[in-house]
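Contents: one structure, followed by commentary.
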Amino acid sequence: MERIRSSKFNKPVFTCGEGVRFATPEVVASYRAGRLKTGVLADISCGIGGQTVCFAEECDRVYGVDIDGERLECARRNAGVYGVDNITFIEGDALSSQVVEQVADANIIFSDPARPAEENVRQTASLRPGIPMVMEAYRDVTNSFAFEAPPQMPPERIDFDCEREYLGVDGQLNRLTLYFGPLKGCERSAVVLKGDMYYRLKSGVYTSIGITEADEISDYAFEPDPAVVKAELLGELAAELNIKMGIVRIDARRSLLTSVSNINSPFFKNIYRVLDKVTFDCNNINRSLKEHSIGKALIRFNVSPDRYWDVRNRIESGLVGKTTVHLYQISGMIYIMEMLKSEPSNHFGTG
Ligand SMILES: C[S@@+](CC[C@H](N)C(=O)[O-])C[C@H]1O[C@@H](n2cnc3c(N)ncnc32)[C@H](O)[C@@H]1O
């Protein structure tokens, strides 16, 4: 066991083995603890306690269970680090009747199960303890369950009657939480954490409006947060914003939404304004960049590694301006786009 500093936590934490690697980051744990605030909660695969200590800050009492005694000892010490004294720690198999009996007064069962480090296709069947087994073992305790699952899994691969909540932090897909029973608020949701705020988009609130496939960007482009994309909520986002948008597929993994007007939404990772659109020719691009007093151009299209520096040097030759732009290639044209600062609008704010 050792005590280390990690970017996941605001304080140095106790860990062993790969404890920190699998621990829930504090920012996520705090959000989730707020959503699951209750009287008595059992975290039945608590690891080094990254999530458990945040539950303890919100709930009256918490159980922290783990099959691994050394990790459980880390969790016990981390409770001390975070100054919480309302956790009962239990070493044992969460599926055993001895453990189930000890947490019989829990209102909510939470589990962030162990999963294989590598898997070709992420699936719920490889989680330990398994979701169906946990629900069976605790069925006389409560019907309020929440589980963490690998966020790479699309909604349709999760074959349970639950809410699938995809969570994004700093523009990256970070977590997937499944909520069962009374905890289920909708089929799919996306949550974006920004500072102390969170923003939630739910399925079933607005009727999804079709987003037209487009092969060119109009005046503005919006890169949706990956949590919204993964939750398949782009249509709902357009409906909530009450705006007609097109979607431009850049490649298999990247898409941009586009519109004639600028829109502010915390569900956009980046917002761009189109400065110019030119044919893919380094001299043309360079001329346009000079006309717009640009200093630096970030290449967002695919260039083979052996041509990269040649293309970049030609594009950036003689630039003296201060502004940086992003260059996207769509349908054979190069879009020269300036990134705008996104200011989340208040009406989305919760938390
Ligand atoms: C992903 S880690 C949990 C990390 C935790 N959320 C944190 O923030 O530190 C999963 C944990 O499940 C525990 N585990 C696996 N099977 C278990 C079982 N049957 N009963 C109790 N704990 C189990 C592992 O020992 C491991 O510590």
Side-chain angles (χ1 to χ4, degrees), residues 1-4 6-33 35-36 41-59 62-82 84 87-103 106 108-119 122-138 141 145-153 165 167 169 174-178:
M1 185 185 307
E2 55 181 338
R3 192 171 182 195
I4 61 161
S6 155
S7 57
K8 284 185 167 184
F9 298 100
N10 290 324
K11 299 178 180 178
V13 292
F14 289 95
T15 186
C16 56
E18 298 209 280
V20 159
R21 181 175 163 210
F22 292 115
T24 310
E26 197 169 333
V27 60
V28 175
S30 297
Y31 159 73
R32 218 156 34 187
R35 178 160 176 181
L36 293 176
L41 184 147
D43 181 350
I44 59 160
S45 48
C46 73
I48 64 163
Q51 178 66 70
T52 327
V53 294
C54 290
F55 282 142
E57 286 168 350
E58 295 289 344
C59 301
V62 170
Y63 294 105
V65 179
D66 207 284
I67 204 163
D68 181 324
E70 200 182 354
R71 283 203 186 162
L72 197 71
E73 184 52 32
C74 292
R76 198 189 305 274
R77 293 188 188 203
N78 288 329
V81 169
Y82 277 81
V84 289
I87 308 176
T88 305
F89 291 99
I90 301 167
E91 183 180 340
D93 182 347
L95 298 175
S96 69
S97 54
Q98 293 91 319
V99 169
V100 175
E101 279 162 21
Q102 290 181 70
V103 306
I108 294 178
I109 302 293
F110 172 83
S111 177
D112 170 10
R115 68 199 71 164
E118 306 284 335
E119 243 180 331
R122 285 285 180 199
Q123 49 196 357
T124 52
S126 40
L127 301 177
R128 293 289 175 271
I131 293 176
M133 276 84 89
V134 170
M135 292 180 75
E136 174 60 23
Y138 290 87
V141 174
F145 292 92
F147 295 91
E148 179 164 326
Q152 301 84 354
M153 288 192 302
E165 180 196 73
L167 191 138
V169 183
N174 192 290
R175 286 293 186 280
L176 165 61
T177 314
L178 311 179

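Hydrogens, waters and symmetry mates play no part in the numbers below; they use all other heavy atoms, side chains included. All ligand and atom numbering here is 1-based and tracks the order in the structure. Position 1 is the first residue of the sequence, and the numbers go up from there.
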For the 3.5 Å polar cut-off, considering only N or O atoms, please tell me whether [X] and ligand 1 meet it.
X	answer
Asp68	no
Ile48	yes
Ile67	yes

For [atom], what is the nearest protein heavy atom, given as residue, atom name and distance?
atom	result
atom 25 (O) of ligand 1	Asp66 OD1, 2.6 Å
atom 3 (C) of ligand 1	Ser45 O, 3.3 Å
atom 6 (N) of ligand 1	Asp112 OD2, 2.8 Å
atom 26 (C) of ligand 1	Arg71 NH1, 3.0 Å
atom 19 (N) of ligand 1	Asp93 OD1, 2.9 Å
atom 5 (C) of ligand 1	Cys46 O, 3.3 Å
atom 17 (C) of ligand 1	Pro129 CD, 3.6 Å
atom 20 (N) of ligand 1	Ala94 N, 2.9 Å

Residue from Pro151, Pro25, Pro150 passing side chain to side chain contact (heavy atoms under 4.5 Å, CB included) with Arg175: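 Testing Arg175 for a side chain to side chain contact (heavy atoms under 4.5 Å, CB included) against Pro151, Pro25, Pro150 leaves exactly one candidate, Pro25.
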Which ligand 1 atoms does [X] reach within 4.0 Å, using its non-hydrogen atoms?
X	result
Gly47	9 (O), 27 (O)
Phe22	1 (C), 4 (C)
Ile44	21 (C), 22 (N)
Gly49	9 (O)
Gly50	7 (C), 8 (O), 9 (O)
Arg128	15 (C), 16 (N)
Ala23	7 (C), 8 (O), 9 (O)
Gly92	20 (N), 21 (C)

For residues [X] and [Y], determine if any side-chain heavy atom of one lies less than 4.5 Å from a side-chain heavy atom of the other.
X	Y	value
Val81	Arg3	yes
Cys74	Glu2	no
Tyr63	Ile109	no
Val20	Ile48	yes

Ligand 1-proximal atoms of Asp43, by part, heavy-atom distance under 4.0 Å: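 For Asp43, no heavy atom sits under 4.0 Å from ligand 1.
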Side chain, backbone, both or neither: the part of Pro113 lying under 4.0 Å from ligand 1 by heavy atom: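 Under 4.0 Å from ligand 1, Pro113 contributes backbone atoms alone.
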Under-4.0 Å salt bridge between Arg32 and Glu165: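 Not counted as a salt bridge, because no side-chain N and carboxylate O are separated by less than 4.0 Å.
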Is it true that a side-chain atom of [X] and a backbone atom of [Y] form a donor plus acceptor pair closer than 3.5 Å?
X	Y	answer
Asp43	Gly64	no
Lys11	Asn78	no
Glu58	Ala33	no

Gln51 and Asp112: side chain donor to acceptor below 3.5 Å: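 Not at all, the side chains of Gln51 and Asp112 share no donor-acceptor pair under 3.5 Å.
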Tyr138 vs Val103, side chain to side chain contact (heavy atoms under 4.5 Å, CB included): CA-CA, chis, key distance, verdict: CA-CA 9 Å; Tyr138 290 87; Val103 306; 3.5 Å; yes
Ligand 1 contacted by Ala29 (non-hydrogen, < 4.0 Å):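 Ala29 does not count as a contact of ligand 1 under the 4.0 Å cut-off.
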4.0 Å heavy-atom contact, Leu95 with ligand 1: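 Contact absent.
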Taking every non-hydrogen atom, the tightest pair across [X] and [Y]:
X	Y	result
Phe9	Ala23	CZ-CB, 3.8 Å
Ile44	Ser111	CG1-CB, 3.7 Å
Val100	Ala137	CG1-O, 3.6 Å

Proximal candidate to atom 8 (O) of ligand 1 [heavy atom criterion; set Val28, Thr24, Thr52]: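 Looking at heavy atoms only, the winner is Thr24.
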